[in-house]
Amino acid sequence: MTALISSTGFISTLILFALGAIGSLLAMKSDRISGAIGTTAALLGSVLALTIGSGALISHTPIALQLNSTLPLLSFSFGIDALSAFFVTIIALIATIASLYAFGYIKHFTPAYRLGRLGFFYNIFIASMLLVVTAQNIVAFLIAWELMSLSTYFLVIYEYREQTNIKAGTRYFIMMHVSFAFIMLAMLLLYRATGTLGFANMAPALTTASPLMLGAILLCALVGFGIKAGIIPLHIWLPDAHPAAPSHVSALMSGVMIKTGIYMMIRIFFIIMPTPPLWFGLAVLTIAIISSILGVLYALSEHDIKRLLAYHSIENIGIILLGVGSALIFLSLGLPALAQIALIAGLFHTLNHAIFKALLFLSAGSVVSQKHTRDMEHYGGLIKYMPVTAVSFLVGAMAISALPPLNGFVSEWLTFQSLFAGIIHGNSMTLSIAFTLAVGGLALTSGLAAACFVKAFGVIFLARPRSEEISHAHEMPLSSQLSMLILAALTLIVAVQSSFIVHTLASITGTFSAFSNTASAFSSQPFTITLGAGSAISMTMVALTLILAILLALWIVSLIGGRRRVEVGTTWDCGTPLSPRMEITAFGFAHSIITVMRGIMRPTRQSSVEYQDANIRYFPAEHSIHFFTHDFATTHLYRPLDRTLARASQIIGRIQNGSVNAYVLYMFMTLLALFVVISLGII
Amino acid sequence: MTALLWTLQLALIPLFSPAAIGLTRSIKARLQNRRGASPLQPYRDLWKLLHKDEVLSRDASWIFRVAPFMVFGTTLAIAASIPLLSLSTRTHTNDLLVLVGLLAFETFWIALAGIDVGSPFGGFGSSRQMMLASFTEGALVLSLFALAIMNGTTDLFDIASAHSTSGHLFTVPLIVASISFGIALLAETMRYPFDNPATHLELTMIHEAMILEYSGPRLALMEWAAANKYLIFIALFSNIFLPLEIAAAGASLSAVCISAAVFFIKALIAVFAIAALESSIAKLRIFRLPDLLFTATVLSIIAIVLAL
């Protein structure tokens, strides 16, 4: 066991993924073999990575792996320190379960699409995520990052015969490379400021760097990694790309891939950089509030189940950043103990979101695989035909809505507590009001999230089927059911064991230099999280109280109530025949909230009437109303940007006129300009 | 002594909540020049319903069958976690955010049950309920946070005890916060101007729409849970916002008796106030309600700023 937690173990993991990738490519001819090779290798590799990651986390053994070369640019170094170990554990955990799910799930792509291609990119994708969170120098990191973006691009366009997927893929590709440009810039600036490529050696040199340089690095990193994480308004790739990919890949993308952005933000903001300025923390907090509220609002207006989940990822990234942003503010105020609590809240929510979002994507995948449409309005009543999927989705929905006693509640509690500390300890009125607004925003977000998931669960699983096909739906293969049930159990286990996880996170963050002298804000009691100023919570107690109280309710009814008959009748609807059209639709359910929020959402409607006779407009044949809610980023930011770019390139295009004489003139003028510049001593 | 206090803590809300509802109804009847039913009528209703046969919809899944137990159980769990008659009964579930979370849990299950039978009433009831609940959450959390900030803790028991010993009673931030909490109370317990607890008119109802398909014991549980929630909010209001006298941890029996007497007087006043309010205002249009809730949220923010 301990022998595994070493660089040898890490290399063997990578070899497993490589074998899976190459094997499924070689066996491309047979879908059965290539599917089996790809999935098995991914499963084994993920289990091994899970062992290594959690082992390194518990035994506090850092792992280092150096591939040296005489050229500094070709020396790669990888290593697992405490923060990396945590993210390796999350990635490997979700990858293990997604791969288990894939055994039963991927069959429905055949024979339309080749499984060999899926296996190839799937293995590369998982391996590259592991490399991203273990890379310890700039070159290794950039290569791993690009590998991750490219492999997911091919996974997004896996079902390439559908035009929308190609469009989503292109958008993803463009946004990832904008992100890459910013990341590259941040990395080059880091290199320029420190003169070293290794992340570990950067911190001392940066303490003397100029504030301008530090600010530029911080902003470039925030934008670059923010695009990957999906913060608003840089999120436009996310709601298109996540739904397009196969569902187990969506689970990985939404559950863990976007967290690599969070990982690098934490590494740069808290480990590499010296204490960031106050404005930067406030900026992160503002982005967090906007992302969480708008994310959940756009999710409410969606009726495509996977797009809805994708928008919820944006919301949850916002909640994670609430923790990170508060931590940055506390650090710049000189309150490291509070900063540690806030950062732990963010990291805990990262873990929780990975678990319940993967659960939701996997169960959504099971639903979609039955009827091949992502539009929720076509489902209904699935709970009777897919009971396991329904329970999984319900548990995931309760966890993401932050309902006790599940895991989402614990990390939101920690986030609320750090915001609460911010209101009290913020040294100016502006800061206190900012934190108060953040509390209000978080409360609104979790309320709206609950509304959104009542909608999603109710419309898909409850009431009567909306079409005949639904009643032929059947449960997924056993491996897929098992993987969903494991995740559902994890939401409860993580919550009940939350004090253990909080202590693990405290020791991870304790290794950061910013918190090295901080006494832990948590007192160690089993099953209870106690924060300094007398705020304590025991999720075990909450869970037990709830379960006992529900049993008590059962007992009271059997005690008081006599012997009764239970009859089955029809739903009362004033006597007309029941039809599925009487059930509330996803659109109808959310419409009241969207109407209230119309100032932000700006819904538009188009109505049209067709008449029986166009000349005599007395008898309408058909009325139709179309409602739209457009993402404001698309309409107000990207479309104008797109137009400006097109116009600018037209103007620049005039320079390239095809005449050789003109080109010679350009060269001559450039040379002349250079002479002038140099002779005047400007450079 | 501890056993006695715990029995009181657990039994108080479910035992007296039907009386709170009955009393509100009969005060309202008097204010409207009617004689009205006896305040004990809700007990008779519950008893009758618990002994009746039950009709379940063919379309209902297990969610519909389980929901009443979930909802009623949650109100019991909340009743076990808030300060009622003494401060000795604390556990590690007393945080104000646990309270808010459990309330959301309860709402979530009622709303699911409303959709499950596939009738238009249930669906619209759930939709309206979730809209109100999501906008109430901000006001609820922030008004409780205002108190938490005054006392430096988010633990409801600590707030109640710090509050009853410090002379914070009629300060401006507290009054502003309690107005905000009062609005949240009306919204959460589905009273006027948010919902009409006595209506069965489809266009106006929210809570009644969601539980329309229930009958027999399950209906009894749903009604009883709504009554529990009503008394829970009254208890919160009187013990957190007006903690005149609440027996400290390890207090003697006489102190507990005094605190019980004070509690009942405060609850009576609250019930009377709600009944008077319900008789004097009209129900608001559904799309006017969020404005009221946003007002409550803003009031809480003002309270927090004043308390800093």
Side-chain angles (χ1 to χ4, degrees), chain A residues 383-384 398 401-404 409 413 416 420 423-424 432-433 436 439-440 443-444 446-448 450-451 454 457-458 462-464 528 533-538 541-542 545-546 549-550 552-554 557 560-562 564-573 582-584 588-589 592-593 595-596, chain B residues 50-59 61 63 69-70 72-73 76-77 80 91-93 95 97-98 101-102 104-105 108 111-112 115-120 123-124 126-128 130-131 133-134 137-138 141-142 145 148-149 152-155 158 213 216-217 221 287 290 297 301 304-305 308:
Chain A
I383 193 170
K384 298 190 188 81
M398 283 168 54
S401 311
L403 300 182
F409 177 77
W413 181 79
F416 267 122
F420 174 67
I423 300 176
I424 294 183
S432 294
I433 292 178
T436 312
V439 169
L444 181 64
S446 57
L448 289 173
V454 167
F457 184 77
L462 298 182
R464 289 177 298 278
T528 308
S535 291
I537 190 178
S538 163
M541 280 295 283
V542 173
T545 314
L546 205 53
I550 290 163
L552 196 64
L554 276 169
V557 171
I560 302 179
R564 307 164 316 267
R565 228 154 29 91
V566 176
E567 231 175 83
V568 174
T570 34
T571 300
W572 181 77
D573 66 333
M582 290 174 177
E583 295 161 28
I584 189 143
F589 194 92
S592 47
I593 296 181
T595 310
V596 173
Chain B
L50 280 168
H51 289 83
K52 276 203 156 198
D53 288 349
E54 198 174 354
V55 185
L56 285 177
S57 164
R58 184 168 295 127
D59 302 318
S61 65
I63 297 275
F69 298 99
M70 291 288 196
F72 185 76
L76 291 185
T91 54
H92 283 300
T93 60
D95 197 271
L97 294 165
V98 174
L102 287 173
F105 183 90
F108 190 86
L112 284 187
I115 299 179
D116 198 18
V117 286
S119 83
F124 274 98
S126 304
S127 163
R128 289 168 183 171
M130 290 318 290
M131 175 187 88
S134 48
E137 194 154 329
V141 169
L142 283 171
F145 257 47
I149 282 158
T153 167
T154 56
D155 188 298
D158 286 342
E213 277 297 313
L221 279 185
F287 285 117
T297 314
I301 294 176
I304 289 177
V305 170
L308 278 170

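All values below were derived from every heavy atom in this structure, side-chain atoms included, with hydrogens, water molecules and symmetry-related copies excluded. Chain A is the first sequence line, chain B the second, and so forth, proteins listed ahead of strands; every chain is numbered from 1. Nothing here was measured: the structure is a model prediction, and the numbers come from that model.
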So, B:His51 side chain and A:Ile560 main chain: donor-acceptor pair closer than 3.5 Å or not? yes
Test A:Ile584 against B:Ser126 for side-chain contact (heavy atoms from CB on, under 4.5 Å), laying out the working first. CA-CA 9 Å; A:Ile584 189 143; B:Ser126 304; over 6 Å; no
In Å and rounded to the nearest 0.5 Å, what is the CD1 to CG distance from B:Ile63 to A:Leu462? 5.5 Å
Could you grab the distance from atom CG of A:Leu444 to atom OG1 of B:Thr297, nearest 0.5 Å is fine? 8.0 Å
Contact part of B:Val117 toward chain A, heavy-atom cut-off under 4.5 Å: side chain, backbone, both or neither? both
Is it the backbone or the side chain of A:Ile537 that comes under 4.5 Å from a heavy atom of chain B, or both, or neither? both
Looking at every heavy atom in both A:Gly447 and B:Glu137, which two are closest together, and how far apart are they? CA-OE1, 3.6 Å
Most heavy-atom pairs under 4.5 Å with chain B, out of A:Val454, A:Val439, A:Ile593, belong to A:Val454
Of the listed residues (A:Val568, A:Thr570, A:Ile424, A:Ile433), which shares the most heavy-atom pairs with chain B below a 4.5 Å separation? A:Val568
Is there a donor-acceptor pair under 3.5 Å between the side chain of A:Arg464 and the backbone N or O of B:Asp59? no
Mind running side-chain contact (heavy atoms from CB on, under 4.5 Å) on B:Phe105 and A:Leu546 for me, showing each step along the way? CA-CA 10 Å; B:Phe105 183 90; A:Leu546 205 53; 4.0 Å; yes
Quick one, A:Phe457 and B:Ile115 - any side-chain contact, counting heavy atoms below 4.5 Å? no
Just give me the residue among B:Gly138, B:Gly101, B:Gly216 that pairs up with chain A most often, heavy atom to heavy atom, under 4.5 Å. B:Gly101
Provide the closest heavy-atom pair for B:Arg58 versus A:Lys384 in the form atom of the first, atom of the second, distance. O-CE, 4.4 Å
Are there over 12 heavy-atom neighbours, none belonging to B:Phe124, within less than 6.0 Å of that residue's CZ? no
Among the options A:Leu552, A:Leu554, A:Thr595, pick out the one with the most heavy-atom pairs lying under 4.5 Å from chain B. A:Leu554
At a heavy-atom distance under 4.5 Å, which candidate from B:Leu97, B:Thr91, B:Thr93 has the highest pair count against chain A? B:Leu97
Using heavy-atom distances under 4.5 Å, tell me whether B:Ala104 contacts chain A through its side chain, its backbone, both, or neither. both
First locate atom OG of A:Ser432, then atom CD1 of B:Ile149, and finally report the distance between them rounded to the nearest 0.5 Å. 8.0 Å
For A:Ile550 and B:Phe69, work out which heavy atoms get closest and say how close. CG1-O, 3.9 Å
Is B:Leu142 in contact with chain A via its backbone, its side chain, both, or neither, using a 4.5 Å heavy-atom distance? side chain
So which part of A:Phe409 gets closer than 4.5 Å to some heavy atom of chain B, the side chain, the backbone, both or neither? side chain
Drop me the distance from A:Arg565's CZ to B:Lys52's NZ, to the nearest 0.5 angstrom. 12.0 Å
Heavy-atom donor-acceptor pair, B:Ser119 side chain to A:Thr571 backbone, under 3.5 Å: no
What is the distance from atom CG of B:Leu308 to atom OG1 of A:Thr436, rounded to the nearest 0.5 Å? 6.5 Å
Hey, does A:Phe416 have a side-chain heavy atom less than 4.5 Å from the side chain of B:Val141? yes
Heavy-atom pairs under 4.5 Å with chain B, option from A:Glu567, A:Met541, A:Met582 with the top count: A:Glu567
Nearest heavy-atom contact between B:Met130 and A:Ala450 is CE-C, 3.7 Å
Interatomic distance, A:Thr545 atom OG1 to B:Leu102 atom CG [nearest 0.5 angstrom]: 8.5 Å
Taking only residues two or more places apart in sequence, or in another chain, which ones meet B:Glu213 in a side-chain hydrogen bond (donor to acceptor under 3.5 Å, both in side chains)? none
Given a strict heavy-atom distance threshold of 4.5 Å, which part of A:Ile383 is in contact with chain B: side chain, backbone, both, or neither? side chain
Counting heavy-atom pairs under 4.5 Å with chain B, the top scorer among A:Ser446, A:Ala463, A:Gly588 is A:Ala463
